[in-house]
Every structure is written in structure tokens, then in C-alpha cells.
There are 2 protein chains.
Amino acid sequence: MSQKIFVSAKEVADRAGVSRSAVSRTFTPGASVSAETRRRVLEAAEALGYHVNHLARGLMRNESGLVCLIVSEMDTPYRASLIRAISRHLQNASKIAMLINTDRSDRSVDEALKLAISYRADASIVLSGMPEKSITDLCVKSGQRLVLINRDEERAGALMINLRDQEAARQAFIAFQRAGCRSFAFANSDVGTPSLMAREEGFCAAGREFGVDVIVERFGATRYQSGVVLAQRLLTREVRPDAIFCANDLLACGLMDTARHQFKLAVPDDLCVVGFDDIEQTSWSSYQLTTFAQPVDRIAEEAVLWLSQPMTDSGRFCRMTPDLVWRESVRGG
Amino acid sequence: MSQKIFVSAKEVADRAGVSRSAVSRTFTPGASVSAETRRRVLEAAEALGYHVNHLARGLMRNESGLVCLIVSEMDTPYRASLIRAISRHLQNASKIAMLINTDRSDRSVDEALKLAISYRADASIVLSGMPEKSITDLCVKSGQRLVLINRDEERAGALMINLRDQEAARQAFIAFQRAGCRSFAFANSDVGTPSLMAREEGFCAAGREFGVDVIVERFGATRYQSGVVLAQRLLTREVRPDAIFCANDLLACGLMDTARHQFKLAVPDDLCVVGFDDIEQTSWSSYQLTTFAQPVDRIAEEAVLWLSQPMTDSGRFCRMTPDLVWRESVRGG
DNA sequence: TTGTAGGCGTTATCAG
DNA sequence: CTGATAACGCCTACAA
């Protein structure tokens with residue numbers, strides 16, 4: 001482990017023939033420095049390759065500029081696009097994203113939040129799992145911003161961004177009805193994420209509302225492969241569903257592929273499918289999936305906006321409406 | 001902007017009735033503390049919610065624990081999986097990833113590296129674009145580790161991880177020949193990334209080697225939509241290619257979809273296709289694409305390993321061989 | 001406008 | 001094993 005030798009403000013000051021404070025002031029936006037001093041400092045800094053030490057600055061200012069992103073399975077299309085959107089918005093706000101991988105267990109999310117505290121992150125944004133109240137309380141008490149995305153529980157002092165999953169599910173149900181579908185199913189993973197469960201419940205509730213039975217099948221992780229299995233289970237039932245709402249697009253892709261290739265069904269003629277997220281693949285011509293678009297960019301925007309809001313004790317809910325994107329996997333439209 | 005009030009070692013020391021040093025030692029792995037002192041410190045820390053300030057620790061130890069990931073278009077499947085792999089390996093090495101989005105211009109990469117210096121990152125890993133020599137020199141001079149992935153230029157003191165793109169391209173060519181293909185094409189984007197160009201050159205070189213003409217078409221970004229356009233251009237030529245090597249999987253998916261749906265061609269009977277990356281979608285039953293797998297996990301492993309290697313002036317090349325994954329898009333296999 | 005002095009929360013060093 | 005003390009690099013009064 002070799003020594004790191006970054007150049008410090010003192011060296012710049014010496015070379016420029018000014019005091020350390022002059023250097024500091026040169027790099028502090030609102031400070032007063034004469035043009036001449038500034039010029040000499042900048043010149044020396046350039047020559048030496050000086051860059052303000054954000055660690056030390058953060059120590060003084062009590063503001064690190066770091067924002068912690070806590071997320072599991074980040075290579076999943078929807079997650080990846082959300083991370084990208086958030087990190088871009090953060091950069092625009094002169095913050096920088098620290099990325100922490102979790103395994104989706106609540107304990108590993110707790111560990112991640114502790115790490116965020118250790119790094120004196122200005123904020124933490126949780127995309128996966130639900131941290132313990134004692135930890136989130138500590139975050140908030142420490143003055144850290146906290147954003148929970150698509151989690152259902154409330155946390156004091158945090159911003160909770162949620163989608164109207166249930167309403168969307170109802171909308172999907174109605175779309176199926178308009179398409180003349182008669183046998184309805186919901187295809188879910190068995191991980192029990194709040195937003196996934198909300199979609200399931202919303203779809204079942206719509207079934208009750210309209211006096212129609214809804215079959216629910218759950219299996220595995222929320223991925224393509226589970227969609228394959230779900231299709232095999234649902235499409236071999238005595239009364240085969242002709243309308244399947246999938247908890248997300250990945251499941252829908254696996255399900256559609258299997259319906260077509262293994263069961264030789266035509267979508268949407270034999271089977272209507274609706275997904276959720278609007279990941280890029282749904283627009284590919286092999287899928288053309290009708291789905292609900294998560295307002296990824298707006299979620300990111302709201303999350304980052306919250307970081308500069310004055311602290312409140314109560315926390316805030318922010319509910320957004322996903323847009324139904326009509327493509328070719330449902331008749332009519 | 002409300003004040004942040006994190007609890008400090010002094011407060012823990014006061015509560016536990018010991019000195020600040022004792023607290024520090026308790027949280028420093030190799031240090032010697034009596035069991036009793038340790039217990040009292042831990043108890044006080046727990047009660048107060050104390051967490052070591054990594055910013056201050058980094059200042060002292062001259063080691064921030066931060067590693068900067070510089071990447072553009074990070075929501076792309078291959079990039080996302082690489083980021084995930086790297087961030088997991090970093091976590092195992094008790095480092096933490098800082099994520100910086102660039103627009104792939106070399107200038108924005110330079111800016112990102114300056115940010116990495118400002119945060120005293122222990123290392124920077126560049127996945128996109130090529131930073132200026134003056135900047136990379138500064139990084140290395142400052143004692144920062146530097147890893148360049150899939151870049152072609154050399155940089156002193158850096159680890160450069162590359163794939164044997166040309167050899168892979170030759171292998172693809174031979175696979176096409178074995179499948180009995182007669183008219184060869186290479187489908188590329190027009191961004192000119194080193195690794196993409198290497199694949200193109202390797203494929204053309206193989207054509208020359210075997211005395212066969214190779215058509216090259218380039219268009220747009222390295223994404224699905226460009227694959228669509230490339231298919232339209234290539235498949236309307238007088239002599240229609242029956243073997244197309246795509247610069248990456250995203251292009252291949254767009255090209256395959258278009259070949260099948262718009263041109264009603266059967267893959268692999270009418271057209272053989274090979275891609276590159278082995279993104280998850282290639283294993284979906286709509287594609288079953290034969291492709292070269294990037295050794296994502298090994299790349300991540302090597303990159304992280306480099307961070308703990310003793311510093312050398314010369315830098316190091318690390319070349320890896322992508323594995324050809326046989327699926328259904330090429331006859332034979 | 002400028003320089004000086006003190007402190008931010010740590011860790012390393014060195015007596016005890 | 002423990003506690004005082006001096007850094008680390010920076011910012012912010014305060015006084016000049």
C-alpha cells in the first residue's frame with residue numbers, strides 16, 4: 001500500500017506567495033479575493049494539480065456531498081435505469097452517489113445505512129428492502145435525509161415515494177375486460193415486495209368489484225425465468241386464462257415467450273398480457289408489451305429535490321401515477 | 001439546510017468514562033484494548049448511536065475507502081452487470097463505490113477524474129471514454145490506482161483490462177463458415193469505441209485471411225434501435241448476407257427482431273447471427289443468441305485486486321478471452 | 001482584502 | 001493497557 005501524496009492548500013499557498021486562507025477563499029464561491037491573488041492562486045493550483053480535499057471540507061462544513069444509494073439486484077433493467085436517473089440528478093445538484101449493493105434482506109439494508117452514517121452521507125436513498133425503525137430514526141436524528149422508494153411502511157422524517165399500484169392494477173383489469181377477456185390471472189414472484197403485492201391486491205380487488213374470479217400464481221424471484229414457470233403453471237390449468245397481468249415486465253417477457261414458443265399461443269389473440277415498469281425490452285418488436293411506465297425521471301427528481309428541503313419531523317408521502325403505455329399485447333387499445 | 005449532528009468519539013468517551021483514544025482503539029481492528037474498556041465503549045457507542053467518521057479517518061489514514069466508477073450509459077445491460085460485479089467485489093474489499101455518470105465525451109471523463117481526486121478516492125475505474133494523459137498522470141502521481149476497462153490506449157501506472165476482441169471475431173467468422181454461410185457482414189454502431197472497432201477489424205481480417213469479402217455497416221448508438229436500422233440496410237442489399245456478426249448483443253437483438261418480423265427471415269436457417277457480451281436477454285427464448293460472454297466477474301475481480309497491489313510505474317495489461325456461448329442463432333454448433 | 005489562530009473528528013506516537 | 005498530544009487539510013471567525 002503505497003503512500004498517497006495529494007497536494008494540499010499549503011503547498012499552493014507557498015508557491016503563490018499567499019496565505020493558506022487565500023487559497024481556501026479562492027475555491028469558496030462567495031468569498032472575497034482580489035483578482036490578482038485569485039489569479040496567482042489558480043495558476044499555482046493548476047501547476048501543482050491541486051484539488052480541494054472534499055473529505056476535509058466535508059468535515060468542516062458538516063456536509064460531505066455524498067448520497068448513499070441502497071439497492072439490490074441493480075443490474076435489473078428497471079433498477080439500472082432508476083439508478084442512472086438518480087445519479088444524474090444528484091450530479092446536477094453537485095452531489096455524488098455512493099452505491100451499496102444489498103442482498104435485499106432487511107439486515108443488509110441496515111448495514112448499508114450504518115455505512116452511510118459512517119461516511120456522513122448527506123442523504124440515503126433506499127430502493128430495496130426495509131430498514132429497521134431504530135436505524136432510520138438514527139439517520140434522521142443525525143440530520144441525514146432519507147428517501148424510501150416503493151416501500152410501504154412509514155418512517156418519520158423520510159420521504160416516501162410510491163406509485164398508485166392498486167389503481168394501475170384496476171386499470172389493467174378494465175383494459176382486459178374491454179378486450180373481451182374472460183379468465184383473469186395475476187402472475188407474481190414470491191418475494192413479497194410491497195409494490196408487487198399492491199399490484200396483486202389491486203387486481204384481485206378489481207376482480208371482486210366486477211364479480212370475476214382471479215387466479216393468482218406466485219413463483220421465485222422477480223425475473224424472466226420465473227415468468228417461464230408461471231406461464232407453465234397458468235397455461236396448463238383446466239380453464240386457461242386469456243388475460244394475465246404480470247407483477248413486472250421481466251415476468252411478462254418470460255411469460256409471453258413461453259406462451260408463444262412452448263404453448264403456441266398468439267398474443268394478443270389467444271392471450272392478453274400487461275406488464276409493469278416499461279423497461280426498454282418491452283418496446284422491442286418481439287414483445288411490444290402493453291405496460292405501466294414508472295416515472296423514473298420524476299421519481300429521481302423528487303428524491304433529489306427532497307435533499308434540499310428543510311427538515312421536517314413528520315416525513316412526506318409522494319404518490320405518483322404510472323402511465324399505461326399501449327402496445328400490442330392487449331386487443332383493442 | 002438543517003444542521004447535522006452526528007455523535008463523536010468524544011461523547012462516547014465521556015459516557016463510557018474513558019479517553020478518546022480508547023474509543024478509537026476499540027474501533028481499530030489491530031489495537032490493544034482491555035475487554036472491560038472495550039465493553040464499556042461498545043455499550044456507550046450503541047446507546048448513543050456512534051459510528052466512526054470515515055471522512056476524518058480517511059483524512060488521517062490517507063485512505064478514504066472510496067473508489068470511483070466512471071461510466072456512461074450505465075443502464076445498458078452489460079454495463080449494469082459490470083457495475084454490479086465491481087461494486088460487490090469492492091464491498092468485499094471493504095471499499096465503497098462512488099458512481100459518476102459521464103456522457104462518454106473524454107472531457108466529462110476528465111471532470112469525473114478530477115472529482116475522484118477531490119474526494120481522495122483510493123482508485124478510479126474507467127468504463128467509458130478515455131481520459132487525457134495529463135489527468136491520468138496526476139491520478140497516478142497522487143497515488144491513486146487507476147483501472148481502464150476496454151480502452152485501447154496505454155496509460156502509465158494503470159491497469160488496462162482488455163478482451164481478445166480480434167481473436168473472438170475470427171472465431172465467429174470460422175463458426176459462420178462451418179455453418180455454411182457464404183455472405184458475411186459486420187454490423188457496428190458508429191461511436192467507434194476501441195473494443196467495438198477491434199471486433200470489426202478482427203472480423204474483416206478473418207475475411208481477408210480466408211479470401212472472403214466482408215460487408216461493414218455502421219450506424220448510430222450501440223443500442224437496439226441501431227440494430228433495427230442496420231438490419232434494414234444489410235438485408236436489402238443485392239446479395240443479402242447470411243452471416244452477420246454484431247458488435248454487441250443489443251445490436252444483435254434489434255437486428256434479429258427486424259430480420260424475423262420485418263423481413264420474415266428464419267434464424268438460423270436463412271441468417272446466422274453472433275453477438276457480443278452475453279447479456280441476459282440473449283438467453284431469452286425469443287433470441288437464443290450465440291454470443292461471446294464477457295467475463296464480467298473476472299474483470300471485476302482483477303480490477304479490485306489491482307487496488308491492493310504495490311504501485312508500479314509501468315502499468316499492466318490484462319487480456320482476457322471471451323467465451324463463445326453456443327445457442328440457436330448459428331447453424332451447427 | 002489579507003493573514004493568524006482555532007477547531008472539525010480521527011488516528012498515530014509516545015510516555016506512563 | 002491507557003491517556004495526553006500532535007498531526008491530517010480544510011474552513012471560519014477575528015483582527016490587521
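Only a predicted model underlies this, so the values are computations on that prediction, with no experimental measurement involved. In the text below, chain A, chain B and the rest are named by the order of the sequence lines, each starting its count at 1. Only heavy atoms go into these numbers, but all of them, side chains included; no hydrogens, no water, no symmetry mates.
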key: Rounded distance (Å) that lies between atom C1' of D/dG9 and atom CG of A/Asp14   = 14 Å
note = A correct 5'-to-3' footprint of nucleotides 6-16 of chain C, with B, S and - meaning base, sugar-phosphate only and no protein heavy atom under 4.0 Å, is -BBBBBB----
query = Between the axis at one end of the helix from C/dT1-D/dA16 to C/dG16-D/dC1 and the axis at the other (five pairs apiece), what's the angle to 10 degrees?
reply = 40°
message = Taking B/Asp14 first and then B/Lys10, would you say they form a salt bridge - that is, a charged N and a carboxylate O separated by under 4.0 Å?
response = yes
query = What's the spacing between A/Ile83 CD1 and A/Leu90 CG if we round to 0.5 Å?
reply = 11.5 Å
inquiry  = With a 4.0 Å cut-off on N to O distance, would you call B/Lys95 and B/Glu63 a salt bridge?
reply    = yes
task = For the pair B/Glu301 and B/Arg298, evaluate salt bridge (Lys or Arg N to Asp or Glu O under 4.0 Å) and give the outcome as yes or no after the intermediate values.
result = CA-CA 5 Å; B/Glu301 195 181 339; B/Arg298 277 199 52 222; 5.6 Å; no
query = Between B/Arg145 and B/Gln309, is there a donor-acceptor pair closer than 3.5 Å when you use the side chain of the first and the backbone of the second?
reply = yes
task = Starting at CD1 of A/Ile149, measure out to CG of A/Leu163 and round the result to the nearest 0.5 Å.
result = 9.5 Å
inquiry  = What I want to find out is whether A/Arg39 reaches A/Glu43 closely enough, with some N-O distance under 4.0 Å, to be called a salt bridge.
reply    = yes
ask   = Which one, D/dC1, C/dT2, D/dT2, comes nearest to the side chain of A/Ser32?
value = C/dT2
ask   = Does any donor atom in the side chain of B/Gln144 or B/Ser124 lie under 3.5 Å from an acceptor atom in the other side chain?
value = yes
